[in-house]
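Every chain is numbered from 1 and lettered A, B, ... according to where its sequence line falls, protein lines coming before strand lines. Note that the structure is predicted; figures quoted are calculated from it, not measured.
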Amino acid sequence: MRLEMGYIYIKDIQFSGESKIEDGTLYVSEESAKAVALEDEKLKSVSFDIARPGESIRITPVKDVIEPRVKVEGRGGIFPGVISKIDTVGEGKTYALKGMAVVTAGKIVGFQEGIIDMTGPGADYTPFSKTLNLVMVCEAVDGIEPHEYEKAVRLAGLRVAVYIGELARTLTPDETKVYETCTLKEGIEKYPELPRVAYVQMLQSQGLLHDTYVYGVDAKRIVPTILNPTEIMDGAIISGNCVSACDKNPTYVHLNNPVVHDLFEQHGKTLNFVGQIITNENVYLAEKQRSSDWTAKLCKILDLDGVIISQEGFGNPDTDLIMNCKKIEAEGIKTVIITDEYAGRDGKSQSLADADAAADAVITGGNANQVVILPKLNKVIGTLDYVTKIAGASEETLRGDGSLEVELQVITGATNETGFNCLSAR
Amino acid sequence: MNQNSYKIITNNPLVLKKLDKAYDIIFHEISYEEILREVRDRIHEGHRLLSHPLSGSVKPNETPYKSILITKGKEMKLDLKSLELIENAILACGKFHFKTDTYTSETYKDFQLIDWTLLESGLEAADVW
């Protein structure tokens, strides 16, 4: 499967009477974007704002971050089974607007959403302080259930991202990159000497407000399956969860998953990138057993030599992570796991809630309990009403001088478990 | 597995509101950690864990609420995997800054809802298994 990704670099976003992209500037008609967002009758209102890197702006409570894309050649469209009609994606040509994001915000489950600071120490911890952000704060109609509100905001964000992406359809990309995968047979013939490596991606799937969708299917209803890694670049996986901000995968991360991109980078050089296996993180123990059994079975069928496993979330999914690791290693396949740590504020506690001797190669996204002080910023997009209720914050969070004392948990993407974050030991 | 095969141990009042009397619910107004200890005691009596004792996103001691599914019947043999999971969950409680006394009532409702959504997802699985 061959996918050509065309990158169009956005250097500024401005509101305008007409939506268009010209000379690297995205002009957005607020009125048109609003109409797209409010197609859903469950949303009462939406307000748009722009946050640029370096500006004294705090965005909260952040729900999702999405990169606008448009499918210009090949089967299907962006976000198949959700926004576009169902079709297998991942081939042909897709354009992505780089350097910008659509950020959705809303008080769905107050304590579960995140913070993006565009400047100051908080900005160092989130990858989304470096993007030009078109922020949409969505308010639901009265009396709506939180899970209906979540769905309405999720879909509104995706619709607006697709609307913005469409503006790039006739443009010429600034840069083009080709991602090509081979069939199993081709791979073995082409790279007989290279180790066969796959990516096992664990998807948050613990029930309402904790879900991820694959081609529109709720991931808790899937058994582990195989994707062609280019499928995610067209939006095969989207985020539908309101879990702690630091280690959930926003849709932006699914589209730009660094594990997939790095494996493509090494494909044909140091390894043979065989494919991507997706699995879930359900709450029921027998389901954890079934999914990890299947993941190990698929790894065996693919005759792999090595696997990289990424987790999403913390606590309960630590058990899925260790079950996957243990069972895949038992098949004689080497594993590297990517997780993050909840090692206490002093960093001295056990980092994971589960462990096994087979997990002897671990990459960490950082300690989510680490305390940071976020100074007062000039402008808030969204509301600070919930800032004391976000995971990793407390009523003492808001200090007298307007600064916030919080754990890294509150910052969107701070300890991301695909490596899409800024923390490093280097 | 039907409703006669499992018990729900919970401190979440929303669970009592959502589920009818057909369910075997043991409700105590105790802390998160005490719920875990209660479940541990029952595992020693021969019950097995059916749902994971930790949440996927809300850390122990961040939320006061927890609902856990265990088998209704006791087995002669202690289930070591259940014991390991519950002991690890109790250990995990120790590393989170306790602050649940400081929240407003609106947040308590959110915490109840999140615990309920996790339990509901477990119940759906339990009922078809």
- If we only count heavy atoms from C-beta on, is the A:Gln206 to B:His52 side-chain gap below 4.5 Å? no
- Message: So, taking the atom named CE in A:Met323 and the one named NZ in B:Lys81, what distance separates them when rounded to the nearest 0.5 Å?
- Response: 6.5 Å
- Message: Is any side-chain heavy atom of B:Asn88 closer than 4.5 Å to one of A:Asp318?
- Response: no
- Item | Residues which pass side-chain contact (heavy atoms from CB on, under 4.5 Å) with A:Ala296, listed by chain and number, not counting sequence neighbours | A:Lys327, A:Ile328, A:Glu331
- Query: How far apart are the closest heavy atoms of B:Leu118 and A:Val283, and which atoms are they?
  - Reply: O-CG2, 3.5 Å
- Message: Return the OG1 to CG distance between A:Thr319 and B:Leu85, rounded to the nearest 0.5 Å.
- Response: 5.0 Å
- Task: Grab the two heavy atoms, one from B:Ser121 and one from A:Gly207, that are nearest each other, plus how far apart they are.
- Result: CB-CA, 3.7 Å
- Query: So which part of A:Lys348 gets closer than 4.5 Å to some heavy atom of chain B, the side chain, the backbone, both or neither?
  - Reply: neither
- In Å, rounded to the nearest 0.5 Å, how long is the span from CG of B:Leu119 to OH of A:Tyr284? 11.5 Å
- Item | Steps toward side chain to side chain contact (heavy atoms under 4.5 Å, CB included) verdict (A:Asp354, B:Glu84) | CA-CA 9 Å; A:Asp354 210 336; B:Glu84 190 189 338; 4.0 Å; yes
- Task: With rounding to the nearest 0.5 Å, note down the distance linking CD in A:Glu287 to OG in B:Ser51.
- Result: 11.0 Å
- Task: Could you tell me the separation between the CD atom of A:Gln350 and the CG atom of B:Leu91, rounded to the nearest 0.5 Å?
- Result: 8.0 Å
- Residues forming a ring pair (Phe, Tyr, Trp, His ring centres under 6.0 Å) with A:Tyr149, sequence neighbours excluded: none
- Atom CG in A:Asn282, atom CD in B:Glu124: separation rounded to 0.5 Å? 10.0 Å
- Item | Proximal component of B:Leu113, with respect to chain A [non-hydrogen, under 4.5 Å] | side chain
